[in-house]
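This structure is a prediction, so every number in the text was calculated from the model and none was measured. We use all heavy atoms of the structure for the numbers below, so side chains are in, but hydrogens, waters and symmetry mates are not. Proteins get letters first, then strands, A, B, ... in listed order; numbering begins at 1 in each.
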Number of protein chains: 2
Amino acid sequence: MNIEEMIKNKNLRLTVARTELLEMLLKQSKPICYEDIKEYMTMDKATFYRNISRFEEEEIVHSFEANDKKRYFEIKIDKHPHFMCNYCHKIECITDPHTPLLEGYIVESVMFKGRCSACQ
Amino acid sequence: MNIEEMIKNKNLRLTVARTELLEMLLKQSKPICYEDIKEYMTMDKATFYRNISRFEEEEIVHSFEANDKKRYFEIKIDKHPHFMCNYCHKIECITDPHTPLLEGYIVESVMFKGRCSACQ
DNA sequence: TTAACTAATGCGACTAAGTCGCATTTAAGT
DNA sequence: ACTTAAATGCGACTTAGTCGCATTAGTTAA
């Protein structure tokens with residue numbers, strides 16, 4: 001599925017900003033925040049956040065708050081847990097398919113925090 | 001170990017604010033943010049955050065950022081995973097002892113997000 | 001094509017959690 | 001009690017993210 005379809009399938013208007021934003025998100029290998037990519041985008045900050053919120057509603061994007069008080073985003077395909085290092089603050093994707101289950105809950109995402117391999 | 005010992009053992013000065021803060025934290029059954037308890041405390045906001053940071057350095061307190069952009073705190077005894085509901089935004093402690101391991105990482109905390117039992 | 005309608009955008013102002021600087025107070029050793 | 005350094009309260013500040021509003025641009029139908 002291409003970017004145009006991703007947008008149209010959700011009955012969203014196809015705009016330059018939305019196309020640019022999805023291209024950007026698809027390019028990443030890990031979650032990013034606004035600061036990380038603002039210099040590579042032409043859209044305004046408000047437009048960025050409004051579109052991110054829209055994409056979240058439509059379940060195209062997943063986000064979470066990191067301990068640096070910034071919101072991080074990634075495309076919601078290939079769902080996987082994340083690891084956030086408490087020492088170097090790097091965020092990594094966990095590819096280990098062994099995602100834990102919790103009785104009584106529907107787990108939609110998992111975040112591990114601790115010391116990453118580089119910080120040991 | 002009582003509160004006075006907890007503070008003295010870390011070579012911290014025993015102050016009214018610190019005692020009050022630890023009493024407050026020990027009373028909770030789940031993580032709390034400043035807003036949750038400010039009305040029950042006499043100390044200033046700056047003092048609260050400074051002492052929380054100090055307690056974190058001394059590993060008395062654990063904190064994390066929730067999706068409401070607020071920082072949540074709890075006493076760092078009896079470490080356990082947490083569950084944050086994406087729908088009612090409630091934070092719960094997971095008592096299930098089955099905490100997952102990750103090869104190559106030292107996991108210090110785990111946060112699950114999704115739909116809690118009340119929201120199904 | 002064009003017209004008309006509505007949603008999306010950019011901009012500047014605003015919000016609020018958390019931090020900082022500094023003058024004052026207080027804990028703790030002598 | 002006296003001294004000294006650390007802790008506190010207060011107000012000002014920072015900054016990620018949001019809001020209001022005037023303008024622009026997709027989309028649908030004629």
Side-chain angles (χ1 to χ4, degrees), chain A residues 2-25 31-58 60-74 84 89 91, chain B residues 2-25 31-58 60-74 84 89 91:
Chain A
N2 62 24
I3 287 173
E4 188 174 333
E5 282 173 332
M6 288 176 73
I7 295 171
K8 291 276 189 180
N9 284 354
K10 301 291 185 181
N11 287 318
L12 297 180
R13 286 197 180 175
L14 184 66
T15 68
V16 174
R18 285 183 180 153
T19 307
E20 193 183 13
L21 181 50
L22 278 188
E23 270 170 5
M24 216 62 207
L25 288 168
I32 45 110
C33 67
Y34 174 66
E35 275 241 296
D36 291 338
I37 54 167
K38 67 176 177 190
E39 53 188 317
Y40 308 110
M41 291 189 315
T42 57
M43 83 192 69
D44 185 71
K45 186 172 58 150
T47 302
F48 172 87
Y49 284 113
R50 277 185 295 229
N51 278 325
I52 282 283
S53 296
R54 204 78 177 72
F55 287 159
E56 279 199 82
E57 282 169 30
E58 301 296 345
I60 296 174
V61 162
H62 165 74
S63 85
F64 57 89
E65 205 81 20
N67 279 351
D68 59 2
K69 276 208 299 289
K70 291 185 198 157
R71 203 168 195 86
Y72 284 75
F73 311 96
E74 75 178 346
M84 203 186 292
H89 308 292
I91 295 171
Chain B
N2 63 23
I3 288 172
E4 190 174 331
E5 284 174 330
M6 287 176 73
I7 295 172
K8 290 277 187 178
N9 282 355
K10 299 293 185 180
N11 287 318
L12 297 179
R13 286 197 181 173
L14 184 67
T15 66
V16 174
R18 286 185 179 151
T19 308
E20 193 184 12
L21 182 50
L22 277 187
E23 269 169 7
M24 215 64 208
L25 287 168
I32 44 108
C33 66
Y34 173 66
E35 276 240 296
D36 292 338
I37 53 167
K38 65 176 179 192
E39 53 188 317
Y40 308 110
M41 291 187 317
T42 57
M43 84 193 68
D44 184 70
K45 186 171 56 148
T47 302
F48 172 87
Y49 283 114
R50 276 185 295 228
N51 277 326
I52 282 283
S53 295
R54 204 78 176 73
F55 287 159
E56 279 200 81
E57 282 169 29
E58 301 296 343
I60 296 174
V61 161
H62 165 75
S63 85
F64 57 88
E65 205 81 19
N67 278 351
D68 59 3
K69 275 207 301 288
K70 290 183 198 157
R71 201 164 196 89
Y72 284 75
F73 311 95
E74 75 178 345
M84 202 186 292
H89 307 293
I91 295 171

Rounded distance in Å - [atom1] ([X]) to [atom2] ([N]):
| X | N | atom1 | atom2 | result |
| --- | --- | --- | --- | --- |
| B:K69 | C:dC14 | NZ | P | 18 Å |
| A:D68 | D:dT14 | CG | P | 19 Å |
| B:I37 | C:dG18 | CD1 | C1' | 15 Å |
| B:D36 | C:dA17 | CG | P | 11 Å |
| A:R18 | D:dT27 | CZ | C1' | 13 Å |
| B:I52 | C:dT19 | CD1 | P | 11 Å |
| B:M43 | D:dA6 | CE | P | 20 Å |
| B:N11 | C:dA27 | CG | P | 17 Å |

Please tell me which of the listed nucleotides, [options], lies nearest to the side chain of [X]?
| X | options | result |
| --- | --- | --- |
| A:D44 | D:dA7, D:dG9, C:dC11 | C:dC11 |
| B:V16 | C:dA17, C:dG10, C:dA27 | C:dA27 |
| A:A46 | D:dT8, C:dG18, C:dC11 | C:dC11 |
| B:R13 | C:dG18, C:dT26, D:dC19 | C:dT26 |
| B:K8 | D:dG20, D:dG26, C:dA28 | C:dA28 |
| A:Y49 | D:dA16, C:dG18, C:dA28 | D:dA16 |
| B:N51 | D:dT8, C:dT9, D:dA5 | D:dT8 |

Want to settle it: does B:Y72 or B:R50 sit nearer the 5' end of DNA chain C, counting the closest nucleotide to each?
B:Y72

Using heavy-atom distances to pick each residue's nearest nucleotide on DNA chain C, tell me which of B:L12 and B:S53 is more 5'.
B:S53

State, yes or no, whether a side-chain contact exists between B:N67 and A:R71 at a heavy-atom distance under 4.5 Å.
yes

Below 4.5 Å, heavy atoms only, C-beta onward: do A:F64 and A:M84 meet side chain to side chain?
yes

Under 4.0 angstrom between A:T47 side-chain N/O and C:dG10 OP1 or OP2
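Checking C:dG10 against A:T47, a side-chain N or O does come within under 4.0 Å of OP1 or OP2.
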
Below 4.0 angstrom from OP1 or OP2 of D:dA25, is there any side-chain N or O of A:T15?
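No, outside the criterion.
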
Confirm from the modelled atom types if B:K45 and C:dG18 form a donor-acceptor pair under 3.5 Å, side chain to base only.
yes

Looking at [X] and [Y], would you say the former's side chain and the latter's main chain have a donor-acceptor pair under 3.5 Å?
| X | Y | value |
| --- | --- | --- |
| B:E5 | B:N2 | yes |
| B:R18 | B:N51 | no |
| A:K70 | A:C33 | no |

Parallel, tilted or perpendicular: ring planes of A:Y34 versus A:Y49, cut at 30 and 60 degrees:
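Ring orientation of A:Y34 relative to A:Y49: tilted.
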
Any base atoms under 4.0 Å from B:A17, or only sugar-phosphate, or nothing? Heavy atoms, all strands.
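Here B:A17 touches the backbone only, sparing every base.
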
Walking DNA chain D from its 5' end, the first of A:F73 and B:F48 to be reached, judged by nearest nucleotide, is B:F48

